[in-house]
Structures are given as structure tokens and as C-alpha cells.
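The analysis underlying the following values was restricted to heavy atoms, covering all of them including side chains, and did not include hydrogens, waters or symmetry mates. Numbered from 1 within each chain, the chains take letters A, B, ... in sequence-line order.
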Amino acid sequence: MIHSLFLINSAGDIFLEKHWKSVVSRSVCDYFFEAQERATEAENVPPVISTPHHYLLSVYRHKIFFVAVIQTEVPPLFVIEFLHRVVDTFQDYFGVCSEPVIKDNVVVVYEVLEEMLDNGFPLATESNILKELIKPPTILRTVVNTITGSTNVGDQLPTGQLSVVPWRRTGVKYTNNEAYFDVIEEIDAIIDKSGSTVTAEIQGVIDACVKLTGMPDLTLSFMNPRLLDDVSFHPCVRFKRWESERILSFIPPDGNFRLLSYHVSAQNLVAIPVYVKHNISFRDSSSLGRFEITVGPKQTMGKSIEGVTVSSQMPRGVLSMNLTPSQGTHMFDPVTKMLSWDVGKINPQKLPGLKGTVSLQAGASKPDENPTINLQFKIQQLAISGLKVNRLDMYGEKYKPFKGIKYMTKAGKFQVRT
Amino acid sequence: MTDSKYFTTTKKGEIFELKAELNSDKKEKKKEAVKKVIASMTVGKDVSALFPDVVNCMQTDNLELKKLVYLYLMNYAKSQPDMAIMAVNTFVKDCEDPNPLIRALAVRTMGCIRVDKITEYLCEPLRKCLKDEDPYVRKTAAVCVAKLHDINAQLVEDQGFLDTLKDLISDSNPMVVANAVAALSEIAESHPSSNLLDLNPQSINKLLTALNECTEWGQIFILDCLANYTPKDDREAQSICERVTPRLSHANSAVVLSAVKVLMKFMEMLSKDLDYYGTLLKKLAPPLVTLLSAEPELQYVALRNINLIVQKRPEILKHEMKVFFVKYNDPIYVKLEKLDIMIRLASQANIAQVLAELKEYATEVDVDFVRKAVRAIGRCAIKVEQSAERCVSTLLDLIQTKVNYVVQEAIVVIKDIFRKYPNKYESVIATLCENLDSLDEPEARAAMIWIVGEYAERIDNADELLESFLEGFHDESTQVQLQLLTAIVKLFLKKPTETQELVQQVLSLATQDSDNPDLRDRGYIYWRLLSTDPVAAKEVVLAEKPLISEETDLIEPTLLDELICYIGTLASVYHKPPSAFVEGGRGVVHKSLPPRTTSSESTESPETAPAGAPPGEQLDVIPTQGDLLGDLLNLDLGPPVSGPPLATSSVQMGAVDLLGSGLDSLMGDEPEGIGASNFVSPPAAAVPANLGAPMGSGLSDLFDLTSGVGTLSGSYVAPKAVWLPAMKAKGLEISGTFTRQVGSISMDLQLTNKALQVMTDFAIQFNRNSFGLAPAAPLQVHAPLSPNQTVEISLPLNTVGSVMKMEPLNNLQVAVKNNIDVFYFSTLYPLHILFVEDGKMDRQMFLATWKDIPNENEAQFQIRDCPLNAEAVSSRLQSSNIFTIAKRNVEGQDMLYQSLKLTNGIWVLAELRIQPGNPSFMDLELSLKCRAPEVSQHVYQAYETILKN
């Protein structure tokens, strides 16, 4: 199972180590550093590295490498999933997951890690339970603890951990009972030069924030459940009920959680809400090139597109860009060659555009590669797949909760080739 | 106020100060001090000197302080074993605490103190905790057994903890079950032989019940454990699959992949006709696709596994090509894996899309990725024949970009395309030659030289081109040198008059000025060949090359099956069986896919399956060197090659003139000659001439063999099989096969005397049989057969014997007599030995007969995965006297109409539909019509043997 964990910052310093079995010397990380050196960018460090006696499995998040050391045959996905869970937990506990924050809370971090694994076996990874065992630091609690001498380690057995609903704490009480669900869809798409879709798919999630007293039993039904043929559920969802009736029936965890994620595949038609017109050209003879982009709406069901940003990695030979946007602000970083344009909201009457010239380094030849345009946007109150919640009912408790559903569509990895 | 304050130091010295604080009376101060100690520990500072002071803080009712001290203990107990004993009492006491949290914490911590002395004290508390009333304590104790086993395995066995752990598999609490399974799995890994996880239908049922209720991590352990079970029949396999499929919708990707492993493995046992089989296939695709929208690290592991799954069952993801399209900001390790899978999924249906994508990738920034994309285009061309033309033109476009590494990569793959489709795309050679100067990588140079040599007759200035390479011969890498040598020899054989000087030059460079043994050996072989027998040289050097197929990079099937059993593990990431890389080679058990067993025949013991493939099976997969050599010789030299044995005399003259003197001088230098001794070490590169090397007996043998093999151009001959084992015949072993050559049938026998006495007086007799086969001459064994001696005899047969219908039709009962006894055996002869040479029917006649034979006499058969195309099929069949009368192409499928005649005058008519199925293999559909329908089955078998061998 998982032997040890090393946290490494992008400068290559190990700033935290935790061992669940015998101590593994940190020199094992040298193999990781080698790989890090070989990879040009941090993102490209391979996630599985073998060393003579160990395997190093790593994830890279928030500019920190979380490197797990294993010695025997362990499912790598298990380790990687666990590492992501560690990161999520840190984020949950401290709001952000960064080197200074981890260093500031090193003892809590240590206690949490100790609770998450025992001898390399996962022990408590649900944030609901962890928080019962070790309370997250808050300013108020720190003050109270200092005065009263009480601790931030709970001395109660985490009741949820052995119940049939291990994900929910018991004895939850709220004065305002409320349940909010956010249907968020991300479009991953590749659009080719001519504007036609190469591939497009939707990654959707339903995130919930449930603050309900007692042991509520909820059911959520959809207008068009047939859209959901590829779903992953939170463990609380009763799978049999879904199989037979296409209804989500569950006792929710307390607080924020992801109820389900789904995937609408490339085979179904995915509506693309924006288009990009582009004209980027270099000439063989001259060191000046032309650059022109226009963004416009398409299939938005009458909703407006907001928060649009356009970014593009320019070829290495580009020296500078002289551009004028019709709206928003733009920036070109001559070191990373990254062009970014913060467009804002698209006004269909007056389409935003960015236009101007690109100058190449003196003597540089016409670039071989075509820059790809990366698009970000948001559309409120629209689930682009057409998914709609029909109703939400609560059983098992007497009070009347406040319910809310929100929809949003965002760009995921949305790329336009030029 | 944050924990960073714990890192600040003072002038007096940190340790000193901490010591004082730890011994303070104030609880608060103590706790702060322990926190400081822990903080130092986390960053790797050595605070072991504080051991006694920290342990003193252990006896407290403050849970946080207790936990902190435990953290410290776990880290340093190993280095201070004597001190650690001090803590034991507190542990034992805590294990009795009324609070289950404290009990669990104590047993958990004790297990982590890896000190032998402490383990003895641990046993009693652990035993109690394993039977604790609180499941939280039991599940913690289960893991503790694994910890203890790691420290002292013998102790765990002696104390009977393993049995207690096994009992926990039937615990009422799913969490406890999951942890028990996890602990047992870990222990089992270090003891592969111990039968710890002895699974039976009852325990499986318990695991499946626990599966629904335990945590996600527990589900992984249980699923991995289930995957080791072999269901007794297809019904049990299906019911397990049904209960595992809901896991495919789990949010945790590790659960999903473990479930996929169980399903992929058990699916092997389900019949393909089952409705459920199809349902299952459909259910597998979406979760695999979903894994690709996860974080890149997860994607990587998923992709490595999908790579295996796609090879095993391409049908699962054949419609999902688009999800493997590369996004420009994917990490490089994800990009490369996606590319690999794209090629595996490429088919005629999606090739246009794939090519467009690949072309797009070839203009990206990352050099490694671009190279692989270009290579991928070549692989597509080889894999999907219909796309070859488009691929070649795409490659030419890329060559026009003049980007150095793109050009080089393109040339390397174009070479492969030439080898796959000879005489089709040579028009592009001119374009390739233009880029000669920009090639600086050995692989690209070698590829280009190969092309020039292979097509020397079409390149006007081939000699100039090769000469230009020759200038820097010694600076080239071995790969290029070898290629250059071969290419120039080829050139010489094609244009002998103009290139004498060149070949002389390269031969002397290779043999005299080079230190590389491979190069020298190859040089000598060519030299000797050219000087002694230019005709043979031509046959060898310019022999028709076997076509390459795209499946060269596929994982070998037995390994693939084993890897499927390891889906989701490190083995699946490295595509190597665990035995190849697990530490210390602890005798890892080989896993294999379960054989298909139906419930009706469930009496067979299924336990044998996971024990791994018996050694005999492996022999089949990897041919021994001898076999391989034989096969290769057949392949390269067997079929009559294009150059007729009587080559033009000018070649002969030129060669002899030229080389006679050279060789003489060479011989003069080395009086021993360049006979056998020089040919012993096998050169590395694969060129037909190298095949002679391992035989060690020089070239003359090679050519003897050539001529020998060359004459065997009759119908297909099966390898000899043992008909009569020695055990059954008092030491006489008979193996044999049937052949048909130029109208005469014979039975090739191999008699081996495995007894201790001499055998004499052999005779043979056949029982009456369906086609009247009988020996045409008596069995003649000239000399007595002494012990351990083997003799080969070819017994001519005729078909004029008495006829009796046998069951099966092609059954032949044989009696063999010798001085010891009379022995009986029966064998099945392949029907194609009865196909006569005049079996070609007239076209009109064929049509009339086809219509004439009633439809109920028509029999249909499938021949799957035939590695040949229409022409090859037709010519292969023709050599076995199955004649193609007409050929049509209907909707992209080739239809062959064929006829054959049996020795007793029965005509069989055939319609053969060739469907490109699986990328490289064809599926054939065979319809047979015959007035005696009972022969159809055997004719079909004959087809299959001929086409698949």
C-alpha cells in the first residue's frame, strides 16, 4: 500500500514528508527530480516513475507535486485518486492549498494525513468524517482553544464512519433548512480551421449544497433522464432505483458535495454556443504577419455569453504583437509568447474583435506551427445538453426545506485550430 | 497565529529549549512543545534526542496530545527500541479503554512501532481487538495484522491471526470485511503460495454483499480480490458480472477500473451468443470514456489500460475514436498514449478523420509528439489498405514542409509502406531523393539507402547516390553501413556492368577496413556468394521479402491475456507481467484468463485455471530456434523467386570476372579460407542471407536446403503428428502426415524405436475406408531399427482399395506389424490430399451445376482471421488443387468461385466471399455445394488448414 508521501514545490524542495510504514529516505525523490529535469514543463512529469526499489506516483496540483512512494504492486489509480483526495481535503480545510498554507498548518496537516491512511490503507477520506475527527482551523477556534485549553481533535467516535450512511454526520441541525443544486456543464471541443466541429463533448456535474436537519431522504427526478447514459454517482445514490426508475434517490452528506457527474459523448450532437472567426497569416518574405479574431454567439438559446477570454500560444518566432481590441483588454507576454484577451460579455449587435499585426524576430523564418486558440466563456441559466431537473422531494423529515436549482454552461477545454 | 511559529529557533539551541518545555508542568505548554517537535519532524529534522521527554507526555487524557505523542513514537521508536518499551504499558492499558476510539488508536499505533520487542506485547491486545464488539476497532485491528505480518510473519502465523483474519471476511460489517480482504491481499502478496484468499461461492457472495456497502477504497480491495476468483461456470460468471456492473458508475476511477478488470476477465467465460455478452460490451464503453475526462494523471493510467483493452476487445471502443483526439495542452505523456490508441482504433470507417487529425498534429511544437504523429500516419497506411494512397500523399505534403525531423520521420515510414505495398508508390521516390542531403539521423539515412537499393533499377543515378554515401562510410553508424553494403550489392546484381567498382569498394571497406564483426561477416557472405554463385546470390539478395503487417507492435497474445488479468495495476501501466519487475522475484503467480466453461459440463475442476499456463503451452507460442529457422527459410527461399535459376549469362560472367581475383587475394591472406568459421556469429540485421549464420555449416548447406525446399511446391502438408505413441506400441512411435504431389498421394511416416530391442519385419495394412485409400507398395524399412533410431519413410498410396463409409468420413484405421507385435491406430487424413489436378470446371458448366444442385445441399462456413488477400487466397488454394474459376468484386468484397474434384469423382463447388474484417485479417465466408453434402464439412476443414498455414 502507500508507503510515504513527499510534498515538493516547483523549485524542487521537499517541504513535507509523511511515512505510514517504515521511513523511506528522501533520497528516493532524486529519481523524481531527474524526471522533472527531463520534462520541459511541470505538467509533463510522468505520473508513474519506477526506481530500483520503489515506485513514485505523483500528481501536480496548485504548483505542488504530491509524490507517493509505493513498494509493492498497488493499483496506481488507487494511489493517484487518493492523492487527489488529499489535495481536495487540504483545500477544504484551509481554503487554499499552497506551500505557505501547508507550512502554516503543518500539525493539522500531519494529523489529517495520519487519519486518512493507516499503514497505507485508507481510513477516513470523507471530509465530513475527517472534520469530526480533526476540526479545521478557524480564527475563532484558535482563540477559544488558547483560552480554554481545549483541542481541535474531536474525542468522539466519528459516528458516521460505521453507520450504513458513512458519508453523513449524525445529529445535524439547522434553523434554515435548504438544499441547492447546481447543474454545471463544461463543453470540451476541438474546432477546426474551417469552423466545423472535430470533436465535442459535455462533461456535466451536479454539485449540491445541502444543509438539512436530521436524516433527510431526497429524490431528484429529471425531465429528460435519457440524456444521462454515462454517469458516475456519489456513493450515497441508490443505484438500483436509478437503474429501474431513472430517479436519483439518496440520503445526502451534510454540506457541499458532488452528487453526480455525467458525460454526454461526442456521438450525440453537441450544440456549440460560440464561433471564432480568425485570420492569422505570415508571409515568407516579410517579418510582419496579419492577425484578426472575431468572436460571436451561435446556438445560445437566447442566453448571453459572459466572461469570455481568448488565449493563444504564439509561435516562438513572434517578437511582438500590435493589436487593437474592439472591447476588453488584451496582453501579449513576449517571454512566454502567450496572447490573452479578456473580452467580457458578447454583444450580438456589435461583435468583439481583435485586430492588428504580428512582427516576427528579425531573420526568423515563417513559423511551422499554427497557433491554437483557447476559449473560455460562461452562460448562465443554461445547460447546453438540455438537461432539466423535474422536481426535488424530501422524505423522512417533517420540515419544509428551501430548494433551488441553478444551471450553468462553461467552456472546458475549448480549442479552435487556425 | 499559525503553525509556522513552531519553526522559529532561539539562540540557546532548539533541542535544549524544547526539552525544558516538554517537562513543563503546564499542559498547554507541553502540548505546544510536542507540536514544535512534530513540526520539526515533518520537515526531516532529527529530534530523536527528545524521545524520553516526549514519551513522558503520553500518559494523558488529552486526546490531541496523545495522538501527537503517538505520531512521534511511530517515527522514532525504531531508532530507540529500548526507550520504546517504556510506552508499552500505556498501549496495553489504552487497549482496554471504554472509548472505542482510544482502543482503536492504541492498537493502530502499536502496529506502527516497528520494533521486535514490542510486537510480543502486542499479541494479546490485538487478539482482543480482533474480536472487539465495536466494528471500528475490529477493522483497525484487521489492518494491524498486516502490519504485524510485515514485521514478523512467523509470529502472525504462530499466533493464529491469519485464521482470525479469514473469519473476519464473514463479518457483519462491510467495512470490516473490506479491511480484512485488504489485509489478506497484502499478506498474500508476500506469500504467493499460501492459499490465504481461498475463495468459494459462499465467500464470494459475502464479498459481493459487502461490495455494495463499503467505502470506495474497500470496493477496490474487494474487486481486486474478486478478480482472482475463477467462477465454476458461465452462469456464475454472469451473476458476478451482473453484481459488479453498478460499480462502473462510481465516481472513483480506481473502483471503475477494478470493476472493468473483473468484467473483462469473467467475460472470457461467457458465450458470445449470449444477449448478456452484448449488453456487457455496451456497458463497458462509457465508463472508459469517462475516465478520459479526469485529471491527466488518471487519464494516463486509464489510457495505458485502454491500450490493452483495445487490443483484446477492439469492439468495445470502436465507435469512440474522437475521445482520443489530442488537445494541444494535454501533457505529453497523455498525448503519446492517445496517439497509440488512435492507431489501434483506426479502420476504414474512420481513417479520413484520423488522418486529418494526424496531419494537424504533425504541425505541433513538441518534437517527440510530431515524430510519433508522422510515424502514426505510416502505421495507418499499413493497417488500412484503402487509406494507403491518402497516407502517402499526406506524407509527401509533410516532406514539402522541409521541417528536418518531419522529413526524416516520413522517409522512415515510407520505407515501411514500400515493404507493405511493393510496386505501388515508387513514383514518390524522386521526391524522396530530393531530400537526401537533409537526412542526418541514422534511421532515416538507412531507410533512404534501403529504398535506393531496393529500387535501384528505377533510379537513374542510384550509383551516384550510393557512392555519395560511401564517401563517409566509416563515420556512419552500423545500421547505415550494413544498409549501404546490402544496397550496393543489390544495385550490382541489378546493374552489374556499371557498378563493379562500387561493389568492390564497399566489400573491401566492409571486410578489410571495418572492425565491426556483423559488417565483416555480412561483407564476406556477399563476397563469397557473388564469387561462387551469382545466380544464388541473386536469389538470396533479391528474394521476395515477406510483407510486413501493422500488427508488429501488438502485444503477444498470451502476455496480453495475462495483462488483462492485471488491469489497473502497475503491470498494466508498464505492459509487463509483474514477474518481470516486482522486487526480488517473489515467485509471482502467473494469472491467466479463465477458460470458457458452460454449466452443463461443470464437472471439470476449475481450480487449475489460475495456476498459470503449463510450460507446454508456452512452447507453442515461442517457436524454438530450429522451427523459426525452418519457417524463415521456407518463407524467404521456398517459393520460386522471381529470378529464374538460369540467369542471364552476362551477370554470371561479370560476377565471376570481377570477384575471382578479389576472392583469390583474400584467400591468399587467410590460408584457412573464409569457410565456415567466419559465418558462425549471427549478424544483427535481418536480411535473408543472415539466416544461414546460425546453422554454422556455411553456405553450401544453405543452398542445398534452398533447392530441397524449393521443390516442395505441392499442396499444403501438415506437420507430422504423433499417431501412435510409444507407450501404446511397446516402444514403437509412429508419427506422420499426408502429402499430395503431382497427382500422387503418399503417407510420410517417421518410425522411432524407443524400446531397448531392435525392431524388424515391418508391414502395414489399412482398413477399408471412405475413399478406398490403400498402400500402393509394401512398407519398406531397409535396415532393422535399432534402439533410439528414427527412420523416415514415404509410403505411396492409391485410391483403389475397398470402400466403406467411415465415421468421421476421413477416418483411416491402420495396422502396423513388426517383430514384436501388431499395433492399431486410427488417424484423420486431410481431405485435400484427395483433390485431383483436373478439378477445374468450365465456367458455363459451373453455373449450370451450381443451379442444378439443390439448395438444401448448400453448406455455409466462416473462416475467421485469414491473413491473406484475395490473390493470395486464390493462389494458395490453387496449389492444393482448388481452382478459381471466376472472381467478382461486389460492394468492396471479393467473391471467388471455385471448384474441386475428389478422387472418386465427386465435384464440390464453392463460393468464397472475402470480407475485410479485422484490420489485417480477412473473414471468409464459404458456401459449398456438392451432391454429396456429407463431404462439405471436411472440405471446409481442408480450406481452413490450407489458408491458415
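Summarising the geometry of B:A251 relative to A:E81, their closest heavy-atom pair is O-OE2, 4.1 Å, with the distance given to 0.1 Å. The minimum heavy-atom distance linking B:G568 with A:P76 is given by the pair O-CD, 3.0 Å. A pairwise comparison of heavy atoms in A:V74 and B:L570 identifies O-CG, 4.0 Å as the closest pair. Taking both residues in full, the closest heavy atoms of B:D224 and A:P75 are given as OD2-CG, 3.3 Å, listed atom of the first, atom of the second, then distance. Minimum heavy-atom separation, A:S232 to B:T290: OG-CG2, 4.1 Å.
Heavy atoms of B:V143 lying under 4.5 Å from chain A belong to its backbone as well as its side chain. Looking at B:F324, neither its backbone nor its side chain comes within 4.5 Å of chain A, counting heavy atoms on both sides. Residue B:Q219: no heavy atom, backbone or side chain, is found under 4.5 Å from chain A. For B:K402, no part lies under 4.5 angstrom from a heavy atom of chain A. In this structure, chain A has a heavy atom under 4.5 Å from the side chain of B:I38, while its backbone stays farther away. For B:L68, the part lying near chain A is the side chain, with the backbone staying farther off; criterion is any non-hydrogen pair under 4.5 Å. Using a 4.5 Å cut-off between heavy atoms, B:V34 makes no contact with chain A at all. For B:P296, no part lies near chain A; criterion is any non-hydrogen pair under 4.5 Å.
Side-chain N or O atoms of B:K322 include one that pairs as donor or acceptor with a backbone N or O of A:V198 at under 3.5 Å. Remark: side-chain polar atoms of A:N44 are paired, donor with acceptor, to backbone N or O of B:I332 under 3.5 angstrom. Of the possible donor and acceptor atoms, none in the side chain of A:E114 sits under 3.5 Å from a partner among the backbone N and O of B:L71. A donor-acceptor contact shorter than 3.5 Å is absent between the side chain of B:Y328 and the backbone of A:P371. At least one donor-acceptor pair under 3.5 Å links the side chain of B:E186 to the backbone N or O of A:M1. Not a single donor-acceptor pair under 3.5 Å links the side chain of B:E295 to the backbone N or O of A:H84.
Counting heavy-atom pairs closer than 4.5 Å to chain B, the top-ranked of the candidates A:V231, A:V59, A:D188 is A:V59. Of the listed residues (A:L57, A:L77, A:V23, A:I190), the one with the most heavy-atom contacts under 4.5 Å to chain B is A:L77. Ranking A:P122, A:G412, A:P100, A:S261 against chain B, the residue ahead of the rest is A:P122, based on heavy-atom pairs under 4.5 Å. Taking A:E17, A:R417, A:E243, A:K413 one by one and counting their heavy-atom pairs under 4.5 Å with chain B, the maximum is reached by A:R417.
At least one side-chain heavy atom of A:D118 sits under 4.5 Å from a side-chain heavy atom of B:K147. Using a 4.5 Å cut-off on side-chain heavy atoms (C-beta onward), A:H234 and B:H250 make no contact.
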- Evaluation steps, side-chain contact (heavy atoms from CB on, under 4.5 Å), between A:T125 and B:E216: CA-CA 10 Å; A:T125 52; B:E216 48 198 311; 4.2 Å; yes
- Message: Would A:E73 and B:K576 count as a salt bridge (charged side-chain N to carboxylate O under 4.0 Å, His left out) here? Give the steps.
- Response: CA-CA 12 Å; A:E73 175 67 89; B:K576 282 181 195 159; over 6 Å; no
- Could you check A:E111 against B:K35 for salt bridge (charged side-chain N to carboxylate O under 4.0 Å, His left out), going step by step and ending with a plain yes or no? CA-CA 11 Å; A:E111 286 172 333; B:K35 280 192 177 178; 5.9 Å; no
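Between B:F221 and A:F121, the ring-plane angle classifies as perpendicular under the 30° and 60° cut-offs.
Here the CG-CZ distance, from A:N119 to B:R108, works out to 10.5 Å after rounding to the nearest 0.5 Å. Rounded to the nearest 0.5 Å, atoms CZ (A:F239) and CG (B:N212) are 10.0 Å apart. For the atom pair NE2 of A:H263 and CG of B:L292, the computed distance is 8.0 Å after rounding to the nearest 0.5 Å. Distance check, rounded to the nearest 0.5 Å: CG of A:N374 to NZ of B:K327 gives 10.5 Å. A distance of 9.5 Å separates OH of B:Y300 from CD1 of A:I80, quoted to the nearest 0.5 Å. Of the inter-residue distances, the one linking B:S249 atom OG with A:L260 atom CG reads 10.0 Å to the nearest 0.5 angstrom.
By the 4.0 Å N-to-carboxylate-O rule, A:R61 lies too far from B:E297 to be salt-bridged with it.
Taking the six-membered ring for Trp and the full ring otherwise, A:F78 and B:W217 have centroids separated by under 6.0 Å.
Shown here is A:R26, whose CZ atom has more than 12 heavy atoms of other residues, nucleotides or ligands within 6.0 Å.
No side-chain donor from either of A:Q313 and B:N329 sits under 3.5 Å from a side-chain acceptor of the other.
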